[in-house]
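To start, the structure itself, in structure tokens.
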Protein chains: 2
Amino acid sequence: MYQPDDTDYEILRLLQRNGELTNKEIAFTIGKSIATIHERVKRLKEEKYIKRTVAILDRKKINKNLIAFSHVLLSDHAFETLNTFETEVSKFPEVMECFQMTGTFDFILRIATSDMDSYHEFYRHKLAKLPNIATVQSFFVLSETKSDTAYPL
Amino acid sequence: MYQPDDTDYEILRLLQRNGELTNKEIAFTIGKSIATIHERVKRLKEEKYIKRTVAILDRKKINKNLIAFSHVLLSDHAFETLNTFETEVSKFPEVMECFQMTGTFDFILRIATSDMDSYHEFYRHKLAKLPNIATVQSFFVLSETKSDTAYPL
DNA sequence: ATTGAAATGTAGGAAAC
DNA sequence: GTTTCCTACATTTCAAT
């Protein structure tokens, strides 16, 4: 199996922060040739170390002023119950993330809406209508102290 | 103030999913000229609708196998207490996100480490050593059902 | 604001060291 | 792994509508 070396990790570190860096810029920064960077980046993408490159938007400018983290507990944990929930909840565009969790509830959802009315609408007419939901406990973001997509490397 | 129109939103929708799309590809997809897309994208970046473009890594391949969501309650809510916590916790590379929240605790942290030992190390020697922490309750990701950086548009 | 066309720069591939 | 050369594309600017 392919194992990235220090150079690869340096490239990942940079591209995680700025995906628009050219091979030339990366080459200059880490002191290697452009052809080398070109090869490394190509392989890192082929091997799916880099899953994709995306634009990060300012949510307030596009009117997603309310972010909720919701803890969902299901009424039972049968395979089908879990599966249906995961499939259906993933279809909602408001749900940006869904994680199955350890502990006293089953899932954490990250939900983006424009305001409390839209959240309420989503909650009443979409989330709460899914089968086998026992409880939903929601917490709302007051302010973002740190908001990073980059992993520590 | 600058208000993006439908064309701008189509561009944002596309770049949120794939930040590597060329102006030519976008132009073809939404039926406008390359120069128009170029202008729009430039403005969307200048006006900070697009905050930045980043590479999204496969966390398991780079050995970040454990993601924790930790709920932090501080012992008091004096301005200085909140401020110090936010400043200090943001310095930890393991903390990818920190949100101040409504409700029964003060902050949610998203913490990325390689395994439970590293998490424990982080918790004992970094997080728990910050001043004025009352309680920390942590939940761990079992599986990712949906993991998106794109807002619904 | 949108377009087509022209100049510049980068990507991507191949060869030789 | 680096350097050079090459072609193809992409970006960027600009004059015109």
Side-chain angles (χ1 to χ4, degrees), chain A residues 1-64 114 148-153, chain B residues 1-63 148-153:
Chain A
M1 196 191 131
Y2 166 61
Q3 271 300 38
D5 63 10
D6 290 352
T7 303
D8 292 308
Y9 269 93
E10 285 208 67
I11 294 170
L12 290 176
R13 223 170 270 130
L14 292 169
L15 288 178
Q16 244 191 340
R17 299 280 168 199
N18 182 2
E20 291 181 308
L21 289 173
T22 63
N23 291 341
K24 192 180 178 182
E25 290 170 314
I26 297 172
F28 180 77
T29 305
I30 71 181
K32 303 261 169 181
S33 78
I34 295 172
T36 300
I37 305 301
H38 182 259
E39 261 311 307
R40 301 303 190 104
V41 172
K42 192 176 136 203
R43 196 168 31 178
L44 288 167
K45 284 178 179 167
E46 280 167 1
E47 301 283 340
K48 299 283 183 199
Y49 280 78
I50 296 173
K51 290 203 287 188
R52 59 185 181 280
T53 298
V54 300
I56 303 293
L57 309 189
D58 184 328
R59 66 178 175 84
K60 297 201 176 166
K61 294 210 162 127
I62 54 168
N63 197 31
K64 299 299 160 192
S114 58
D148 230 341
T149 52
Y151 292 96
L153 287 180
Chain B
M1 197 191 133
Y2 166 60
Q3 269 302 39
D5 63 11
D6 290 353
T7 302
D8 292 307
Y9 269 92
E10 284 208 66
I11 294 170
L12 290 177
R13 223 171 271 128
L14 291 168
L15 289 178
Q16 244 191 340
R17 298 283 167 196
N18 182 2
E20 291 181 309
L21 288 172
T22 64
N23 291 339
K24 191 180 177 181
E25 290 170 314
I26 298 171
F28 180 77
T29 305
I30 71 180
K32 302 262 169 180
S33 78
I34 295 171
T36 299
I37 304 302
H38 182 254
E39 259 310 307
R40 301 300 190 106
V41 172
K42 193 176 133 204
R43 196 169 30 180
L44 288 167
K45 285 177 178 166
E46 281 168 359
E47 301 281 341
K48 299 282 182 200
Y49 279 78
I50 296 172
K51 289 203 287 187
R52 60 188 180 279
T53 297
V54 300
I56 303 293
L57 308 189
D58 184 329
R59 66 178 174 85
K60 297 201 175 166
K61 294 210 162 127
I62 54 168
N63 197 32
D148 229 341
T149 51
Y151 292 97
L153 287 180

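Letters A, B, ... mirror the listed sequences (proteins, then strands); counts begin at 1. The basis for the numbers below is simple: all heavy atoms, side chains too, and nothing from hydrogens, waters or symmetry mates.
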Distance test, side-chain N/O of B/R40 to OP1/OP2 of C/dT2, below 4.0 Å | yes
Short question: side chain of B/R13, backbone of B/L153 - any donor-acceptor pair under 3.5 Å?
-> yes
Would you kindly give the CD1-to-P distance between B/I34 and D/dT12, to the nearest whole Å?
-> 13 Å
Taken to the nearest whole Å, CG/A/L21 to C1'/D/dA10 is 17 Å
Does the side chain of B/H38 get closer than 4.0 angstrom to OP1 or OP2 of D/dT11 through an N or O atom?
-> no
Thinking salt bridges, do A/R40 and A/D8 make one under a 4.0 Å N-O criterion?
-> yes
What nucleic acid atoms does B/T22 come within less than 4.0 Å of, heavy atoms only: base, sugar-phosphate, or nothing?
-> sugar-phosphate
Any A/T53 side-chain heavy atom under 4.5 Å of A/L15 side chain = no
Is B/T36 near enough to C/dT3 that one of its side-chain N or O atoms lies under 4.0 angstrom from OP1 or OP2?
-> yes
Atom CZ of A/R43 and atom C1' of C/dA11: how far apart are they, to the nearest Å?
-> 18 Å
Can you tell me how far C1' of D/dG1 sits from CD of A/E39, to the nearest Å?
-> 11 Å
Pairing of B/K32 and B/E10 as salt bridge, 4.0 angstrom limit = no
Per atom distances to the A/K24 side chain, the nearest of C/dG13, C/dT10, D/dT11 is C/dT10
d(CZ, B/F28; C1', D/dA10) in whole Å = 17 Å
Could you state the CD-C1' distance from B/E20 to C/dT10, rounded to the nearest angstrom?
-> 14 Å
Which whole-number value in Å describes the distance from A/K32 NZ to D/dT3 C1'?
-> 15 Å
Check whether any side-chain heavy atom of A/F28 sits under 4.5 Å from a side-chain heavy atom of A/I37, and report yes or no.
-> no
Rounded to whole Å, CD1 of B/I37 lies from C1' of C/dT2 at a distance of 11 Å
Presence of B/N23 side-chain N/O under 4.0 Å of D/dA10 phosphate oxygens OP1/OP2 = no
